[in-house]
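This report concerns only the one structure given below.
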Amino acid sequence: MNLKPGDVVILKSGGQAMTVAEARADDAVCVWMGEEGDLFRETLPLAVLEAIEVEDEDDDEDEDEDEDAESSKVA
């Protein structure tokens, strides 16, 4: 797996999304926020990680605005 800092990963067994802070040959240093706002940092082997796609929140807002504009044209 080719990871770089800033990539978002998740454990293959599930769990919370984590951000890669440092990528190495056999492992990655990952950080994530806990439910109460605590910051966690852990070094994990690449074998247990899976890269995931994260939608940009701005994209969601743009889509909502586009849908609203189309609705007002129809009415």
Side-chain angles (χ1 to χ4, degrees):
M1 181 183 330
N2 229 2
L3 292 177
K4 62 185 180 310
D7 285 348
V8 180
V9 296
I10 193 166
L11 291 172
K12 287 182 178 179
S13 60
Q16 195 166 331
M18 302 175 283
T19 303
V20 175
E22 185 179 338
R24 302 177 184 159
D26 296 324
D27 56 29
V29 178
C30 299
V31 296
W32 68 97
M33 294 290 278
E35 291 181 13
E36 296 187 20
D38 296 330
L39 182 64
F40 293 91
R41 180 182 187 100
E42 190 69 41
T43 301
L44 300 165
L46 295 180
V48 303
L49 299 175
E50 179 175 53
I52 61 172
E53 292 289 324
V54 177
E55 286 189 24
D56 190 2
E57 290 181 12
D58 292 339
D59 290 344
D60 290 341
E61 291 175 8
D62 292 343
E63 289 175 11
D64 291 341
E65 290 172 5
D66 292 342
E67 289 174 8
D68 290 342
E70 288 180 25
S71 296
S72 62
K73 288 179 186 177
V74 174

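Numbers for residues simply follow the sequence, beginning at 1.
Sequence neighbours left out, the pairs with a member in residues 25-50 that pass ring pair (Phe, Tyr, Trp, His ring centres under 6.0 Å) are W32-F40. The ring pair (Phe, Tyr, Trp, His ring centres under 6.0 Å) analysis of residues 12-31, with sequence neighbours excluded, yields no pairs. Every pair tested for salt bridge (charged side-chain N to carboxylate O under 4.0 Å, His left out) that includes a residue from residues 40-50 fails, sequence neighbours excluded, so the list is empty.
V48 and V9 fall within a single hydrophobic cluster, where Ile, Leu, Val, Met, Phe, Trp and Tyr side chains are chained together by heavy-atom contacts under 4.5 Å.
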When the side chains of residues 11-30 are checked against the rest of the protein, which donor-acceptor pairs come out under 3.5 Å, sequence neighbours left out?
from, atom 1, to, atom 2, distance (Å)
K12, NZ, A47, O, 3.2
Q16, NE2, M33, O, 2.3
E22, OE2, R24, NE, 3.2

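With a 4.5 Å cut-off between side-chain heavy atoms of Ile, Leu, Val, Met, Phe, Trp and Tyr, the cluster of V8 takes in I10, I52, V54.
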